[in-house]
Amino acid sequence: MRMSKLFSKTLREAPNGADTKGYEYLLRAGYIDQLASGIFSLLPLGFRSIRKISTIVREEMDALGAQEILMPVVNPGDIWKETGRFYSIDREMTRFKDRRDSDMCLAMTHEECCTDLGRNVIDSYKRLPLLVYQLQTKWRDDPRPRAGLIRVREFTMKDSYSFDRDQAGLEKVYKAHYDAYFRIYKRCGLPVVAVGSDSGMMGGKVSHEYMYLSPIGEDTIITCPSCGYTANRQVARFKKTYNKEELKEKELVSTPNAKTIEDLCKVLSIESERTAKAVFMVGTYINDKDGSEEERLIVGIVRGDMDVEENKLQNAARANSMRPAHEEEIIAGGMVPGFGSPIGCKEGTVVVVDDAVAESNNLVAGANKEGYHYLNTNYGRDYSGTVADISSAKDGYICPDCGQPLRSSKGVEVGNIFQLGTRYSEAMNCYYQDENGERKPVIMGSYGIGIGRLLACLCEEYNDEKGLKLPLAVAPYQVHLISLIKDAEVGERVYNELKNAGIEVLYDDRKETAGVKFADADLIGVPVRITIGARSFAEGKYEVKLRKEDSVNLCSLDSIVPDTQALLAKLIRE
RNA sequence: CGGGUAGUAGCGCAGGGGCUAGCGCGUCUGGUUCGGGACCAGAAGGUCGGUGGUUCAAUUCCACUCUGCCCGACCA
């Protein structure tokens, strides 16, 4: 490709809002262009990188025996009503009516559509297992897109869906994806870790997320450096210690103005782990069948030295969504903000008690009376509720598996795999007949990789103060050719030689000064730069420089094609 | 959806109730340069996000609205 014809231009300054290096360079180098919030065009350079990533993904999916299909972006609302998600998903899903006034929606994922395909195709156990995948546009009306391609509203996702007759089959294809995903990221050059995760709106039980660890990440990952335990903080377990002792008599004490655990500990001269703190939320419970909604007050109780992990609480409370409660709502539930506890709360309140609280005795808790707390409250005797792990894992907490301290870090989710089970097949009547003629629901799994997000993460990982330096496997071109000599013929000749040898060349044929060409080459970051200058050309030589290295090598022009091929082959092997 | 911030040339920004609305970069023309974002000379390019109001006069003041970005809520 000739730079003079390239449908993009480089920018000398970072456009407003480019707050991470990777995003800034994607814009400045002309890989992408923003159309609206969370909506981007891929320009030729960006699209070439995306295609390279897509090819790697396709190769690895094909190797699993997956068959590529393409499902529609526009879905009828009906199939989403069958699974209930037409109602349970909030405004993140865009819905509209077609001309006949039927409910339609833009697919934010394709479980429904794919399960519909499955029920049309699968009748007998003889057809199973099956595995399909697609690279298709998703639309998710995220309330807050950010960081360039990291979090967008419209994006391309590789999503695959497995159909199996039993759990063993699902586990096999799940494991195959687990391994294939690592191969995909490795081939792209992105370091990732797989972590246990929450299944969220997808349903199902077992799931993993692939995380690119980076300070720009929005997820918090808990890891154990000693034994390798890793989990999203939303579900991360940790070892708790309990204060077991003889039950003592509950006692009302005056604690004026002690609205926080910190104040309370000061007033009573106790440690925070001797207290129980209440967090008030309002959960929305949606009836999957008709979409009707009900709000209920949720009280989460954790020990004073810990924080509530809202995701765990929402799961334990079985709410579809959750928000902090307003003061009036807490009072209406029979409790007093600042001095609250489930003791004496109104019926209908969902109480979830962290196991560290349930297993400890004689904790200080709110008396639901302004200015008062109770000493020696005990779960089971003084209040009841569901017991679950709802506290948030933190740096330094104890690993549940090996007992060593845990660490936390930030990560970007670049892929996920879910064992869906029969959540969708049962809801949508996707059944098969086994050898005995018995009808059984197909066991499903779904597996996603955000293609654009993957590119964005690669750009965060591979850049320096001059621009991008993507690995050869995903860079838009292999060689960036710069000719600095007057005689245009030489550059043209070399360009054609390399191109005809099947090498992907970006040729800077513009009438620009050397400085401009070098600066743009650094910005775009093609892995191999070949320069033909007057001095070296006079000796029949050219210069080769790798984007990731500083050194420059002089080589003979006579063997430029085989030498370049050898260099590229060497880079591919690395 | 709450809080903040911004919208003026392709990009980054300045300005300001009335005058020809500027600057840097980029673009175009001519010339000189020609290995790390060259120099000189000339030029093009704007209904100052939109609507309504105040005013003799609005890009500037006011109201509303749309859009982008940041923090939070939210999120695969």
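In the text below, chain A, chain B and the rest are named by the order of the sequence lines, each starting its count at 1.
For B/rG68, the OP1/OP2 oxygens have no side-chain nitrogen or oxygen of A/R146 closer than 4.0 Å. In this model, the phosphate group of B/rU5 is not approached by any side-chain N or O of A/N16 to a distance below 4.0 Å at OP1 or OP2. Within the structure, every side-chain polar atom (N or O) of A/T513 is placed at least 4.0 Å from both OP1 and OP2 of B/rC34.
In this model, a side-chain donor or acceptor of A/R529 finds a partner on the base of B/rG36 within 3.5 Å. In the interface, the side chain of A/R144 is not paired with the base of B/rG2 through any donor and acceptor atom under 3.5 Å apart. One N or O donor and one acceptor, one from the side chain of A/D520 and one from the base of B/rG37, sit under 3.5 Å apart. Residue side chain A/E512 does not reach the base of B/rG36 through any donor-acceptor N/O pair under 3.5 Å, judged by distance alone. Side-chain to base pairing of A/Q34 with B/rG68: no donor and acceptor N or O lie closer than 3.5 Å to each other. Scanning atom types as modelled, no donor and acceptor separated by under 3.5 angstrom connect the side chain of A/R140 and the base of B/rC74.
Under the stacking criterion of a centre-to-centre distance below 5.5 angstrom and an interplanar angle below 30°, A/F155 sits stacked against the six-membered ring of B/rA76.
The distance from atom CD1 of A/I532 to atom P of B/rC34 is 20 Å, rounded to the nearest whole Å.
Counting non-hydrogen atoms under 4.0 angstrom, A/D522 reaches a base of the nucleic acid. In this structure, A/P143 reaches the bases: a heavy-atom distance under 4.0 Å links it to at least one base atom across the strands shown. A/A514 comes within 4.0 angstrom of the backbone, heavy atoms only, and of no base. A/K138 comes within 4.0 angstrom of no nucleic acid atom, judged by non-hydrogen atoms across all strands.
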